[in-house]
Amino acid sequence: MSANRQLSIFVLIDALGWPCVETHKFLADALPYRKPLTTVLGYSSGAIPTILTGLPPAVHGHWNLLFFDPAGSPFRWLRHFQFLPDFVLDHRVTKKILKELGRHVFGLGPLFECCVSPRFLPWFNWTERKSIYSPMGIETHPTVFDLLAEKKVPYHAYTYHHLTDPQILQQAKRDLRNGTASFLFIYLSELDRLLHFHDVKSDEVRTRLAWYSTELQEIINVARETTPDVTFTVCSDHGMTPVSRRFDLVTEVEALNFSMPGDYLAVYDSTMARFWFFNEAGREEITTLLNGLACGRILPDEELDRLGILFPDRRYGELIFLLHPGWLVARSHFNGNAWNPTGMHGYHPGDPYSDAVFLSNRSPATEMHTIADLYPLMAAAGGAVHD
């Protein structure tokens, strides 16, 4: 045991929201410093880069996974196959082939999925090509892992890219007993899937959180066997909102009889739709339709700017239609027609169910308000200098 060694452990639990923590009093005794954190609008693809850089998506560049890039799309060659019927282009085997090409030939990374019809892939590119949990994972700005590498701070990062949650926790305990790392980043992703289909108060969620609590308390105990000075923090990227209503937005827009990609392009996700327009008639009629819907609203530029998701080049959408909390887009290429969750995230950050969490055994040195405030804590814990 080293009396002078300091050890910082940050555990990111995907979708662990403040209401969930409050309901189950999760690790209340071990981590008494607790606060809800405002997340960013969108999904983990934007939230986690904000945690790792301390910057909003409009600055670090990562928001949704697909972005408009007709000049740089690795699937531009698919334009030569537009003559093929939908039952060929949209076939599951075609999508499987394109997914493998994207991951292993075009360098789009292990997370690439065919999230729109292959007919429209030539107009899009993929954001997360590298692991954001390694140095140089975000090309535009340094992450905490870049700072750790620059300062030569010994660390471990564990994610679902290689291990399951149980495997991650077992490996972390082995590394704590055998290693000399002074910084651990542990990303546990499996609660997200559970909360999509089980209420916060369900036995399934209660059992999983009890298991997390036992495992994480053991991590704390193992860490203290070798290092008396341990800072242990649990955080999250967003919460989970109960789903109460569904709306078939795709059918409503397609009924206007404009065509993709001739008149417009749209990417539909569970809680939002993003549009690009190629003529004024399509823009005006689709905008009028969206303005008349009770399930959501168009986000004005002033609000997008305030939320840190206004991109001047409109790569993530010229128009963004966001559903109200509790509503769900009934079908999309992202999740398929069978997607029927009872919980969802990706709503407005003002939704209380969307709040992420900060839980720690130490009082934070700075005020904690948003998930971006986690970055300076991690940077300081790793001995790195940050602006």
For the pair His156 and Phe185, evaluate side-chain contact (heavy atoms from CB on, under 4.5 Å) and give the outcome as yes or no after the intermediate values. CA-CA 6 Å; His156 293 295; Phe185 180 86; over 6 Å; no
Show every ring-ring contact (aromatic ring centres under 6.0 Å, His included) that has at least one partner inside residues 348-371, sequence neighbours left out. none
By the definition ring-ring contact (aromatic ring centres under 6.0 Å, His included), identify the one residue from Phe112, Trp123, Trp126 that meets it with Phe75. Phe112
Pair listing, ring-ring contact (aromatic ring centres under 6.0 Å, His included) test, anchored in residues 217-244, at least two apart: His238-His345
Quick one: do Gln171 and Asp175 satisfy side chain to side chain donor-acceptor pair (under 3.5 Å)? Show the steps, please. CA-CA 6 Å; Gln171 185 62 51; Asp175 290 339; 3.0 Å; yes
What I want to check is whether the side chains of Tyr43 and Thr271 have a donor and an acceptor closer together than 3.5 Å. yes
Just by distance, no angles: are the side chains of Ser259 and Asp263 close enough, under 3.5 Å, to form a donor-acceptor pair? yes
Show your reasoning for whether side-chain contact (heavy atoms from CB on, under 4.5 Å) applies to Leu111 and Tyr160. CA-CA 11 Å; Leu111 301 183; Tyr160 65 93; 3.5 Å; yes
Decide if atom CZ of Arg76 counts as having more than 12 heavy atoms of other residues, nucleotides or ligands within a radius under 6.0 Å. yes
Phe81 CZ: over 12 foreign heavy atoms closer than 6.0 Å: no
Side chains of Tyr316 and Thr127: is there a donor and an acceptor less than 3.5 Å apart? yes
Hydrophobic clustering (ILVMFWY, side-chain heavy atoms < 4.5 Å, transitive) - are Trp276 and Tyr264 grouped together? yes
Does either side chain, that of Ser189 or that of Asp14, offer a donor lying less than 3.5 Å from an acceptor on the other one? no
Determine whether more than 12 heavy atoms belonging to other residues, nucleotides or ligands lie under 6.0 Å from atom CG of Asp29. no
If you compare all heavy atoms of Thr39 against all heavy atoms of Asp237, which two are closest, and at what distance to 0.1 Å? OG1-O, 2.6 Å
Between Arg314 and Asp301 (salt bridge meaning N to carboxylate O under 4.0 Å), is one present in this structure? yes
